[in-house]
Colleague: 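Below you'll find the structure I mean.
Letters A, B, ... are given to chains in the order of the sequence lines, protein chains preceding strands, and every chain is numbered from 1.
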Amino acid sequence: MSFKKCKGKLMKKNSEISPCGVVVELLVSSPGGFDNIDDILVEFQPKLRASDDYTFLLRELGNRGDWVNAMRCFEFAINLEKRRNEKGKLASSMISTLGRLGKADLAKNVFDVAVSEGYGNTVYAYSALISAYAKSGCCDEAIGVFRSMKDSGLKPNLVTYNALIDACGKGGANYKRASEIFNDMLENGVLPDRITYNSLLAVCSGAGLWEVARSLFDEMVHRRIDQDIYTYNTLLDAACNGGHIDVAFEIMATMAAKSVFPNEVTYSTMIRGCAKSGKMDRALNLFNEMKLAGIKLDRVSYNTLLAIYANLGRFNEAFAVGKEMESIGIKKDVVTYNSLLDGFGKQGMYDKVKELFVEMKRGNLCPNLLTYSALISGFCKGGLYKEATEAYTEFKRQGLKADVVFYSNLIDALCKKGLVESCALLLDEMMRDGIQPNVVTYNSIINAFGQTETVDYAETQIESSNSLTYTDGKMVVKEDDQIIEVFKQLACGKSGNVKQDQRTRKDFRCVLGIFRKMHEMKIKPNVVTFSAILNACSRCNSFEEASLLLEELRLFDNQVYGVAYGLLMGHNEHTWSQALSLFDEVKRMDSSTASAFYNALTDMLWHFGQKRGAQLVVLEGKRREVWENTWTQSCIDLHLMSSGAARAMVHAWLLNIRSTVFEGHELPRLLSILTGWGKHSKVVGDGALKRAIEALLVSIGAPFQVAKCNIGRFVSTGAVVTAWLRESGTLEVLVLQDDRTLPRTRFDLLPNLQPLPL
DNA sequence: ATAGGGTTAG
């Protein structure tokens, strides 16, 4: 009999346990694997005849993650089997088992041997290898296999195409490639099915192509291809990734009517979507909903929830989730610890970070790239360069290799400390290491300009003597490792010995060098790049410096430049209509990207005295709901705004309630201005925004006071504010003016103007 | 052959 038919159940036949049952029982009773699988195989060899039996065994071993014994079993069976196509079946099965376990290299070895021995040249073997590469995110390799398959005269089938499209979605999704494969498939008369579309949807989700995903979904309906839970979950993921959380909720609500019921994957996708767009209450509501619907939380759901709390710094709740998870028998894993390490690191609780790292290792969990990345960038943020060096050295010792995210994260951490020069060094190092920086890497550095945090260098120096001894005495430091060099220098406080203005000038040159590199490397800038440039402008002390940056903006994107420059010089109708179409584009981004752009643009305008222009931008942002519920008659919420945007907004709000007063209406009894706790300040709890607003209120004589119970809130009564608004001088201080104005005609020439003439 | 979790810029 064949194993295939008993599907892992113990079966008795003629009061004797079948071969299937025996081996399955052996598998079950040796969860740690076998030392003597060869003996068992020899013993059972007479009973295991068909290659189907061995295939079943391979799959069972694969399900247990035991690829070592699976390989032995495969070798054993392949030597026994004489028929070529049976050998071929075994090979395909082995390749797919290895592929599922992420062992693409081993799969390739098996494949190569099978081909050279003359039994591997089958569609199944090729498809299995493509799928193995897909799982490991090796799209190029998968396509290479596909080509050689065609070259050797084999015809790809539906499974081959589906696996190949799947490969395009992993490791930097590439929709262009996927659609080329899709077309190739159609041309070769292979009809796409549900899985083809599901895989295409996954590519869209990974590539951030929400509109395309939606039209593919419609196409599916049109072609009468059923949608299953994979389809919906992938579609929801695409919507969430595109920042369309409301649309995602709408789609989720339609699922039940199609008899596709949300499962734990649906919920964790949605929860992550909510969390990503800052809607924590909705995220937590979904967890309750999930429990009410009787859907059990699994490992991923728990880790998702825990990560949300850890990221918010709500550690008691994070630990409670961890406890609950362990109480139902799911042990904390590397993902759990990475979230915790990252959360504590972000809050500057480094003792806790160290403690957790020890605990993690005690639990026999193996730290990975992300673990070390969280540790190292966390320590850097706190100026703990000795610890950062230690963690980095250990990381190297484990044989782990840095990637672009690792470097970007580290560069960002150093940039936030104002160490722009060190970052430029690391940028060179990563390129020498064969890692290509991406737009995120560059944006971090641009954004760093002028953000020089005040670092106490004296203190750093004292500490450095210890760390140097430590570094020299105890560690094996590779001479040419730039990261260690940078940490060493930082620990010595070398970069802090230059004077502030000298350093700013150096930083400025570094940033200009970054732009040059971006052009050389053909890195496409994005909205964040534009926001970063505008923010850098706001930190320039002179118009001349800012004009150099704006020139870079012009080279990147003439439209954004036209708007920024036009508003800076005193806008007119032409600039404004350009601005409106730019705002239309920005509105398509997710909400935090959009608000960051408005914040940056307004800050820049305010900084250079174009206050009326700043206010126009802010009011347009309000109209388009860039910031959530900005104002009512009684309350204005500024906590998502930059200081320039917030100040422009306060003027607009006061003017608004002033007209209420002059129309003869009464103001609410209590008026509040919320500044939050300084979301835009670098130090938690340091209310840069609050201070800016306080200064503004004082300067215009607005009668507001800090609330007793909330230091982030200014309050006043309707009566007091009414009296002040009625004073003769009030209107004048409220109405904003631009320092520069341009004639309101002939402005179609504007975009062709040269950079700021000053 | 298909779905969700931990990392980067604002």
Colleague: State whether A/R100 places a side-chain N or O below 4.0 Å from either non-bridging phosphate oxygen (OP1 or OP2) of B/dA1.
Modeller: no
Colleague: With a 4.0 Å cut-off on N to O distance, would you call A/E141 and A/K135 a salt bridge?
Modeller: no
Colleague: When you measure from the side chain of A/N233, which nucleotide among B/dG4, B/dA3, B/dT2 comes out closest?
Modeller: B/dA3
Colleague: Between A/M255 (CE) and B/dG4 (P), how many Å, whole number?
Modeller: 14 Å
Colleague: Measure from CG on A/L410 to C1' on B/dT8 and round the result to the nearest Å.
Modeller: 11 Å
Colleague: So what does A/T304 hit on the nucleic acid, given a heavy-atom distance under 4.0 Å: a base, only sugar-phosphate, or nothing?
Modeller: sugar-phosphate
Colleague: So that I can tick it off, tell me whether A/E326 and A/K332 are bridged by a salt bridge, with the cut-off set at under 4.0 angstrom between side-chain N and carboxylate O.
Modeller: yes
Colleague: Spell out yes or no: do the side chain of A/N198 and the base of B/dT2 have one donor N/O and one acceptor N/O closer than 3.5 Å?
Modeller: yes
Colleague: Is there a donor and acceptor pair, one atom on the side chain of A/S408 and one on the base of B/dT8, closer than 3.5 Å?
Modeller: yes
Colleague: To the nearest Å, how far apart are A/N599 CG and B/dA9 P?
Modeller: 16 Å
Colleague: For the side chain of A/V405, counting heavy atoms from C-beta on, which of B/dG4, B/dG6, B/dT8 is nearest?
Modeller: B/dT8
Colleague: Please check if atom NZ in A/K401 has more than 12 non-hydrogen atoms from other residues, nucleotides or ligands closer than 6.0 Å.
Modeller: yes
Colleague: Would you indicate which nucleotide in B/dG4, B/dA9, B/dT2 comes nearest to any side-chain atom of A/V265?
Modeller: B/dG4
Colleague: Charged N to carboxylate O below 4.0 Å: is that the case for A/D412 and A/K417?
Modeller: no
Colleague: Which nucleotide, B/dA1, B/dA9, B/dT7, lies nearest any side-chain atom of A/L370?
Modeller: B/dT7
Colleague: B/dG4 C1' sits how many Å from A/L286 CG, rounded?
Modeller: 13 Å
Colleague: Under 4.0 Å, counting only non-hydrogen atoms across every strand here, what does A/T234 touch: a base, just sugar-phosphate, or nothing?
Modeller: sugar-phosphate
Colleague: Can a side chain N or O of A/K170 be found less than 4.0 Å away from OP1 or OP2 on B/dA1?
Modeller: no
Colleague: Please report, rounded to the nearest Å, how far the P atom of B/dT7 is from the OH atom of A/Y392.
Modeller: 22 Å
Colleague: So, are A/K517 and A/D428 salt-bridged, with charged N and O less than 4.0 Å apart?
Modeller: yes
Colleague: Using a 4.0 Å heavy-atom cut-off, does A/T269 contact any base of the nucleic acid, only the sugar-phosphate backbone, or nothing at all?
Modeller: sugar-phosphate
Colleague: Just how far, in rounded Å, is C1' of B/dA9 from NZ of A/K346?
Modeller: 13 Å
Colleague: Do A/S339 and B/dG6 have a side chain to base donor-acceptor pair shorter than 3.5 Å?
Modeller: no
Colleague: Choose from B/dT8, B/dA1, B/dA9 the nucleotide whose nearest atom is closest to any side-chain atom of A/N447.
Modeller: B/dA9
Colleague: Which of the following nucleotides, B/dT2, B/dA1, B/dT8, is nearest to the side chain of A/N162?
Modeller: B/dA1
Colleague: Looking only at the side chain of A/E264 (C-beta and beyond, no hydrogens), which of the listed nucleotides B/dT8, B/dG4, B/dA9 gets closest?
Modeller: B/dG4
Colleague: Do A/N263 and B/dG4 share a donor-acceptor pair, side chain to base, under 3.5 Å?
Modeller: no
Colleague: Between A/L201 (CG) and B/dT2 (P), how many Å, whole number?
Modeller: 15 Å
Colleague: On a plain distance test, is the side chain of A/S301 in donor-acceptor contact with the base of B/dG4 below 3.5 Å?
Modeller: yes
Colleague: If you draw a 6.0 Å radius around CD in A/E219, do more than 12 non-hydrogen atoms from other residues or ligands fall strictly inside?
Modeller: yes
Colleague: Check every atom of B/dG6, B/dA1, B/dA9 against the side chain of A/K416 and return the nucleotide holding the closest atom.
Modeller: B/dA9
Colleague: How is A/K135 classified with respect to the nucleic acid when contacts are heavy atoms under 4.0 Å: base, sugar-phosphate, or nothing?
Modeller: sugar-phosphate
Colleague: Quick one: A/I445 CD1 to B/dA9 P, roughly how many Å, whole number?
Modeller: 13 Å
Colleague: Checking contacts here: which listed nucleotide (B/dT7, B/dA1, B/dA9) is nearest the side-chain heavy atoms of A/D342?
Modeller: B/dT7
Colleague: With hydrogens left out and only the distance checked, is there a donor-acceptor pair under 3.5 Å joining A/N526's side chain and the base of B/dA9?
Modeller: yes
Colleague: With sugar-phosphate meaning primed atoms plus P, OP1 and OP2, does A/K276 contact a base, only sugar-phosphate, or nothing at under 4.0 Å between heavy atoms?
Modeller: nothing
Colleague: With sugar-phosphate meaning primed atoms plus P, OP1 and OP2, does A/V334 contact a base, only sugar-phosphate, or nothing at under 4.0 Å between heavy atoms?
Modeller: base
Colleague: Among B/dA1, B/dG4, B/dA3, which nucleotide has an atom closest to any side-chain atom of A/V300?
Modeller: B/dG4
Colleague: Heavy atoms under 4.0 Å, any strand shown: does A/D333 hit a base, just sugar-phosphate, or nothing?
Modeller: base
Colleague: I'd like to know if A/R299 pairs up with A/E264 as an ion pair, taking the criterion as any Lys NZ or Arg NE/NH1/NH2 lying under 4.0 Å from an Asp or Glu carboxylate oxygen.
Modeller: no
